[in-house]
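One-based numbering, in listed order, for ligands and for the atoms of each.
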Amino acid sequence: MTTQFSEQLVSINPANGQEVGRVDVTSAAELDVIVAKAWQAYRKSGWKDLMPHQRADVLRAIADRLASEKESLAQLQMQDNGKPLSECRGMVDYAVGTFRYYASACETLETEVTPPRGQYVSFTVLEPYGVVAAITPWNSPIMNDATKVAPALAAGNAVILKPSEDSPLLAPELARIALAAGLPAGLLQVVQGHGADVGAALVAHEGVRMISFTGGTVTGRAIGRVAADRVVPVALELGGKSPHIVFDDANIEHAVAAVIAGIFGSAGQSCVAGSRVFVQRSIYQNVLEQIVARASSIRLAAPDSADIEMGPLSSLHHRERIEAFVARAREEGGQILCGGARPEGDEFVKGAYYLPTVIAGLGPDAVSCQEEAFGPVMVVLPFNDESELIEQANGTAFGLACGLWTEDFKKAWRVGRAIEAGSVWVNTYKQSVTSTPFGGFKSSGIGREKGLDGLRLYGQVKSLFFGLQQQPFPVSK
Ligand code: NAD
């Protein structure tokens with residue numbers, strides 16, 4: 001939770017309202033210097049000309065240093081955005097794994113020798129863009145930052161990282177660690193400030209040759225327009241309203257547990273949160289009662305509590321957005337079956353806490369079933385059969401993820417293929433790993449991060465032809 005005081009952003013711990021730290025906002029003049037320094041480092045440091053295995057050594061050194069500072073980074077992340085400490089430790093592990101993965105990918109990535117159609121040898125190489133802008137949201141800073149920075153560096157680029165104004169403290173730590181691990185100065189720099197000014201200036205800067213963005217769909221559209229105008233490539237990882245589907249032949253115990261974890265983990269502040277739950281009508285009432293009973297018993301606590309299931313939201317102003325979302329669901333005729341309010345108790349008074357909320361009684365076209373809340377709010381809908389389900393599940397602008405629960409693998413295959421989403425989880429949920437491509441269909445994004453696609457994202461293919469002809473070229477073939 002951050003307020004801008006003149007030239008600074010102030011990070012506030014959303015669990016207790018206390019200040020965690022401050023950072024200076026980057027001025028327009030400083031941005032020019034940072035971009036120039038990035039180009040200088042890109043051209044002069046020798047980074048892009050290192051052998052891939054040599055770049056990999058530095059990426060592994062960054063991973064090792066991140067691992068050695070795991071506890072302090074996790075504590076800082078917890079205070080910066082209020083996620084449970086256990087989740088923050090997991091996010092640092094994720095960042096470590098990401099740097100290690102892209103070290104290995106960097107030194108093993110093969111390019112193509114293409115079939116010749118004349119007297120030459122033809123093949124491809126992957127060239128870096130130069131200076132890449134990486135813009136990240138507040139929900140999982142160290143993880144989202146690593147997902148962009150590690151492959152962009154592996155591909156030979158310089159990176160300018162802009163974290164969210166609501167969670168500004170982790171990005172400078174990553175830059176500090178990278179420098180200490182041997183990354184040449186200037187190859188990873190951080191700019192700070194609000195999206196509308198510093199973010200917009202970064203995206204529009206003529207020195208930025210590629211933009212990698214994770215955040216909301218409205219922002220993504222605005223950035224996409226600028227990128228189109230400038231003709232620079234852009235990767236957009238955007239929002240979602242992911243369907244989580246329970247068929248009547250599912251293992252109900254496992255399905256209910258996953259449905260609960262899918263939306264109330266991270267207090268719903270996850271792009272892949274399963275916020276639209278579809279339950280087959282024959283089991284609807286039974287499953288809905290189990291969901292409400294479990295949601296009502298979720299243990300809310302401070303992020304560093306050992307006995308926590310859900311912590312606060314990331315800021316008081318984000319809680320206001322969630323409250324407005326639930327108020328609108330009420331106006332639309334939604335029945336709030338549990339939650340829909342702040343928790344009672346002295347321990348919650350200063351923090352941005354909100355109760356796990358389950359809403360039923362709305363049709364699939366209700367605004368509350370179409371728009372992302374990005375909080376602990378689930379809408380539950382009944383469906384009759386597979387074809388109705390597919391139509392309704394696909395009936396939003398988004399297409400980020402989907403979970404489905406059935407013991408029938410042929411049905412899982414049919415439905416999994418018919419769903420318009422970048423990730424489909426069958427009898428599991430929220431598996432999002434460094435080694436598997438991730439991204440959205442429709443308004444959930446463009447491009448794929450993670451996996452080898454996530455490395456190729458940060459390079460441009462160049463085709464090279466080496467002539468073998470013995471005779472001079474004829475004017476006309
Ligand atoms: P946001 O779009 O408000 O901000 C994201 C980042 O963009 C911040 O750093 C912000 O300062 C910057 N920004 C804002 N306006 C900008 C502009 N005009 N030009 C350049 N930069 C700008 O999103 P948020 O509230 O920080 O994050 C929540 C959203 O992120 C949700 O919609 C969520 O689904 C999405 N998200 C998506 C993924 C994914 O991988 N698909 C992952 C996490 C979060």
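- Under a 3.5 Å cut-off, the side chain of R55 and the backbone N or O of K48 do form a donor-acceptor pair.
- At a 4.0 Å heavy-atom cut-off, ligand 1 touches N139 through the side chain alone.
- With V35 as reference, H205 is the one residue of E30, H205, Q189 to meet the side chain to side chain contact (heavy atoms under 4.5 Å, CB included) rule.
- At under 3.5 Å, not a single nitrogen or oxygen of R321, backbone or side chain, sits near a nitrogen or oxygen of ligand 1.
- Closest to atom 35 (C) of ligand 1 among all protein heavy atoms lies G215 O, 3.1 Å.
- Close N/O approach between G216 and ligand 1 is found [any backbone or side-chain N/O within under 3.5 Å].
- In this structure, P303 and G82 approach most closely via the heavy-atom pair CG-O, 3.3 Å.
- With a 4.0 Å cut-off on non-hydrogen atoms, I135 touches ligand 1 through its side chain and not its backbone.
- When non-hydrogen atoms are compared, ligand 1 lies under 4.0 Å from the side chain of E372 (C-beta onward) but not from its backbone.
- No N or O atom of P137 sits closer than 3.5 Å to an N or O atom of ligand 1.
- Considering backbone and side-chain atoms together, C271 places no N or O closer than 3.5 Å to any N or O of ligand 1.
- Classified by interplanar angle (parallel below 30°, tilted 30° to 60°, perpendicular above 60°), the ring pair Y429/H244 is parallel.
- Contacts of P163 with ligand 1, taken as heavy-atom pairs under 4.0 Å, involve the backbone alone.
- For the pair E165 and ligand 1, the shortest N or O to N or O distance falls below 3.5 Å.
- When atom types are taken as modelled, the side chain of N81 and the backbone of S167 share no donor-acceptor pair closer than 3.5 angstrom.
- Less than 4.0 angstrom separates atom 4 (O) of ligand 1 from none of the non-hydrogen atoms of the protein.
- The shortest N/O to N/O separation between T136 and ligand 1 falls below 3.5 Å.
- Under a 3.5 Å cut-off, the side chain of D24 and the backbone N or O of L9 do not form any donor-acceptor pair.
- Between P168 and the options V25, V20, V10, D80, a side chain to side chain contact (heavy atoms under 4.5 Å, CB included) holds for only D80.
- Using a distance-only test at 3.5 Å, with no hydrogens or angles considered, a donor-acceptor pair links the side chain of S444 to the main chain of L400.
- Of all non-hydrogen atoms in A267 and P312, the two that sit nearest each other are CB-O, 4.2 Å.
- Inclusion of W138 in the set of residues having an N or O under 3.5 Å from an N or O of ligand 1 is warranted.
- The shortest N/O to N/O separation between T219 and ligand 1 falls below 3.5 Å.
- Residue contacts with ligand 1: T217 is placed with no nitrogen or oxygen under 3.5 Å of a nitrogen or oxygen of the ligand (distance criterion only).
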